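None of the values given here were measured: they were computed from a predicted structure. Just the heavy atoms: all of them, side chains too, but no hydrogens, waters or symmetry mates, feed the values below. We name chains A, B, ... by the order of the sequence lines, and we start the count at 1 in each one.
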Amino acid sequence: MECQEEKPIIYTMENKPIVTCECLVEGDQWLVSESPVYLLKEELAFVFEMLQQFEDALVQYDELDALFTQYVLNFGAGDTANWLGSFCAPVNNWSGLLLRRPIDMEKRDGIQRGEASLLDLRSYLFSRQCTLLIFLLRPWEVTQRALELLHNCVQELRLLEVSVVEGALDCWVFLSCLEVLHRIEGCCDQAQLAANCSHTVGLWAYATDKLKSLGELCGLVSEKGPTSEDLNRTVDLLAGLGDERPETISSLQSPYKKLKEALSSVEAFERHYLELSHAAMEMYRAISRLRSARLVGKSLAEFYMKKGDPEKAEAFLQEALKSYVSEGWSLPVTHTRKQIAECQKLLGRTEDYLQTSAMLAGDANLTMEERKHFCQEILTFAGKSEDQSDKVTLSMGVFSQLTRLQFQPATASVHSGAVLQVEINLRCLMPVSVHIQQLAASIHFDLERAGTNGRSKGAARQTIPGTVEFSHDTSSAGPSSSSGGPPLELEEIQDRSPTDNSLNSTGVVCKNTHLVMRLPESISLPDTPNCVSPPAVTLKEGAQMLKVQDVTLEPGNNSITFTAPSGQPGTYTLRQLFATVGQVQFVLPHIYPSVQYEVYSQEPQLTVEPLSEPLLAGLSQMVKFTLLTGHYTVKKGDALQLSNTDTMPILPSTSCSARISNPTGELVGESALSIQSSEKVTSISLPATPPYHTLEFQLEVLCIIPSGSDHPPNERLTNGEVRHRPRSYSHPDTPMTAIDQRMSIDCPWSIYSTLLALTFYIPFKTKHSLLSAGNRKYIQVCVQNMSDKNFTLAEVKLTEKQNASLELESLNTKTQQLLCSKHSLFCLWEVRWQDDLPSCLQCVFSTNFSPLKQDVSAFKPFQYQFQLERVTTLYSVRAEILPPAGEQNCRSGFLCGLEVCITRLTEPAEGEIAEDSKTDTEGLKTTKLMYEVADSSSNWAVCGKSSGMVSMPMTADATHKVQIEVMPLFAGHLPFPKIKVLKYLPHTAAVAIQPDPDSCVENDSLSLLDKALDDGGDTASIRSRGSVHSVGSGDQQQRGVAMPRLEPFSPGQVFNHIHTQQVLVLPATDDHIMEVNAT
Amino acid sequence: MAVCISVIAKENYPLYIRSVPTQNELKFHYTVHTSLDVVEEKISAVGKSLGDQRELYLGLLYPTEDYKVYGYVTNSKVKFVIVVDSSNTSLRDNEIRSMFRKLHNSFTDVMCNPFHTPGDTIQSKAFDGIVSGMMVQAG
């Protein structure tokens, strides 16, 4: 109290006032008695103001403001400050701020008198602050403080529980907002305002808000207009405004006038409200507070809805919805969508409404009742029996989600006509079970590029997954934009050169660029269930559809099975999914990731395979025929026509049955086969077999072992093809000789014959040799079992074909012989003849064989033909070693004589004369022989001439003796030195190689037999067997002319007696000293 | 204390939003969503002036008649928004800050959970507990 007398101001030199007023701090009591402290502080502020110290003046007011706020808070918290009672009086004037006067004396007086209400006090203080701030050129602070003040006042009145007429505060706030804005506009130019609308926009929005609530309160927003009650309320509210202030009476746009006008009629209200709303939205947009702008827009939409103008409302709602969806705010989305649904219903936009309803029906944010309601809306519409043109197409995504698709069989690849099932899992989002008349999936069909024999190409093709999972956001309004777009779908590509399949280039291709490269703001809009409008749905009417009628989808997961069409071979791609509910059709425009299945067609295939490996020639064995019918249906009466071949007859068997099995390998039938053989063909009647089944039957076949020089003339098969003689060759895998036996089969499904080959192996390898003992001749045949089986051989026989007089005496004792695997059997015959031994023998070795432990009936014949030439012994060679004269025995180191005696045994045969004889001048036929003494074992030293030429007369018993000196080098029983006798062909001799009778044979047919002969004997003869006979002989001629040559005899032509003969050789002298030391 | 606490992802979708059950949840959603305008404005304003050395606490975003909305942005641009009743005048700025700090710590814990996929909504019970604590204090 004392300080009231003291002026608490001290001026500094710089005219800066210094306030020393501690008493202000403890100011509880000042205001108690008619607010003197308040006035004191204000006077201080006045002084500062007069001194142009606006800052300080403002501080005074701010302090007052803060103090007052604190009192109010304390009061609210229970502090009993009775002086505040006046502020708690009911508010009866809400005329708003008045900022046009520097000092509102009217209010000041009121405060002084203690009659001011809280609003009056706040208004007054604010008007003073506003004035000062404008002096300080801080208008934007005014707006900020104004907003704070208005919020604060509303709160304080609530806190103090001051009774206020409903709507009065709205009026006050509205008027105040506009007043502040007017004041600011008054002191700023337009450009400044525009640049700083972030400061003013709050006030605009607040004013808009308040006007709206006033409008609603006074019944100005409803379609019908205000009721009498509303009118009464309006009158009350207007009364509280009091008279218009004199300052603004002249102004046409004063807040007072505006409010009065706005509340006066529905139209005026609408005009003012729209003006404010648009202004606020405009400003929010200008400062890019788009969310705020949309919120204002939404509230505008609500207004329009109440006015019954859904068309205008929808635009705002859609815009807001778009922003909520893109940012993933599910609750606002649901709420806004509900409003949109209402809008669309009013507008009669059925399709949109149904789409929105579908979304809402599946919206987990709504209560079950609401969802059921929206679901029912759809079902009601769907149930209406209208004509087809009223069909409504909606996006599937909101109705149900495709979660999984599964093929059965899982390879997703079947032959044409087979059953392929597609199971799809749909998660139905509806709250109730929905009956669907038809669920269909359209199919895009691609004709297979690579013809119809699809299976073989299958490996190159990418494998189709049997199960496709579709990913969805589990929450319908989840943060769909967070995923940042779909994942990249990359695929490797390789560009290969068409000619040699070499790699030209390789790379990686993004298959879903169109999805990935979308602009960021549009991400997730088209393919999420949150989208504002259903995506453009194109119904692709394909001829092929997967269809299921009458399905009931329960809420949650459902599984539906389709049977996929699989008629034509090709690739089928599932494109779209449709669900038809009455008039409503839900469409999934793209099934992604793409789902494909494949239908292939297969040509019938006939294969033959042995029942047991390896097939041995000469034995009857079972082979299995397998017929994959492919697309061909085997009808009753269809038959396979096998061209008969002599080399491989098909043995008739009575109990032949065919097994039919389905593609999965199950046996579906078994029936007897009827086999009819005629001379040319064997016809096998097949049982009726459905397509893509397997028919199996077994036949017994026998491959006859080729016996050698038997050459049937080339014959033609029934189909006119030249029959190929089976070729024998040595197989790399086995030591056995293989024969490929070809079969030609005429099948009912093709005009061409099917050629099949079976490989048989000859179990035996046969060799022959000619053995001689002087004039006696023996033939030895060696049969070697090359196979893994053991055989019994019986009736081993050797016959000669040409010379009946010839007798072959078997020296084999056993009639049956066991021939084990990998073993050999030797058989020997002595050749006996009466007159002359023919120089050429055509022999046939034959035997019967059967696998071990089988009865006699199982014996099969085996033949081996061979030819022996120059069998006759022409010369015999004898030798004698003569000890040196006077000695009984040879001594090592001493020369001895070797007397070689060559005797001609036979009269010359015809061929021989022509071949290599020469007629002497006396008419005596002689032939020249060359002898050679060669000792390979270094036992003998040949002294002097070791070889020489003798001229042999070609008569029997002609003998020629040759003396040669040899010296034994060692003592002991030494074998005789070797004496070779060779034919000497002088250069003049005509080359007279007999044309081989076999030369017309195919070169290779006898290669097997040739081997047996090929032991260095008759090379000329062998050479001459070549099919290129003329060339070969030409070659011979050239060489024959060139120089004389030596030719060895065939084995058996020269019989050498000195083989294995030995002679005793004594040591040179007996002067060897043997020293024996005994110690 | 708080009437609504929310965590908003960098991309502006809600990771977590919880409000006192007595009041209209939808209204808070709208309020928080709208507050993002101011958050963005503040972030861009700060970004220009101070570079990366900015304070995470954004202060009062905007007052409404009934509520005060406070914001906080982590360095990874995750936003925390706390809505406080205007009538609750006892709440100081420091307390709001400490609330945000607590929230941030708890959020970090959630992110550290190896079973949590960043970008998913927060389901953590611990986080729930912290939030409940902040909301209950008001009582």
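Contact annotation for Leu15(B): neither backbone nor side-chain heavy atoms come within less than 4.5 Å of a heavy atom of chain A. Neither the backbone nor the side chain of Arg294(A) comes within contact range of chain B; no heavy atoms are under 4.5 Å apart. Looking at Tyr284(A), neither its backbone nor its side chain comes within 4.5 Å of chain B, counting heavy atoms on both sides. Of the two parts of Leu150(A), neither the backbone nor the side chain holds a non-hydrogen atom closer than 4.5 Å to a non-hydrogen atom of chain B. In this structure, chain B has a heavy atom under 4.5 Å from the side chain of Leu295(A), while its backbone stays farther away. Using a 4.5 Å cut-off between heavy atoms, Thr69(A) makes no contact with chain B at all.
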Q) Where do Tyr62(B) and Leu147(A) land on the side-chain contact (heavy atoms from CB on, under 4.5 Å) test, with the steps shown first? A) CA-CA 10 Å; Tyr62(B) 70 93; Leu147(A) 208 53; over 6 Å; no
Q: Report the C-alpha separation of His335(A) and Lys27(B) in whole Å, then their side-chain angles, then the decisive distance to 0.1 Å, and conclude whether the side-chain contact (heavy atoms from CB on, under 4.5 Å) test is met.
A: CA-CA 10 Å; His335(A) 177 243; Lys27(B) 186 175 69 185; over 6 Å; no
Q: Starting from the C-alpha separation in whole Å, work towards a yes-or-no answer on side-chain contact (heavy atoms from CB on, under 4.5 Å) for Glu40(B) and Ser288(A).
A: CA-CA 10 Å; Glu40(B) 283 180 351; Ser288(A) 66; over 6 Å; no
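Residues Tyr30(B) and Lys298(A) are in side-chain contact: their nearest non-hydrogen atoms beyond the backbone lie under 4.5 Å apart. A 4.5 Å side-chain heavy-atom check between Trp329(A) and Ile17(B) finds at least one atom pair inside the cut-off.
Contact record, Glu327(A) with Tyr13(B): O-CB, 2.7 Å, taken as the closest heavy-atom pair. Considering all non-hydrogen atoms of both residues, Gly328(A) and Pro14(B) come closest at O-CD, 3.1 Å.
Within the 3.5 Å criterion, the main-chain N or O of Arg291(A) finds a donor-acceptor partner in the side chain of Asp37(B).
Just one of Val154(A), Asp209(A), Leu169(A) meets the side chain to side chain contact (heavy atoms under 4.5 Å, CB included) condition when paired with Glu65(B); it is Val154(A). The residue from His151(A), Gln155(A), Gln144(A) that alone fulfils the side chain to side chain contact (heavy atoms under 4.5 Å, CB included) condition with Pro63(B) is His151(A).
Of the inter-residue distances, the one linking Arg289(A) atom CZ with Ser35(B) atom OG reads 10.5 Å to the nearest 0.5 angstrom.
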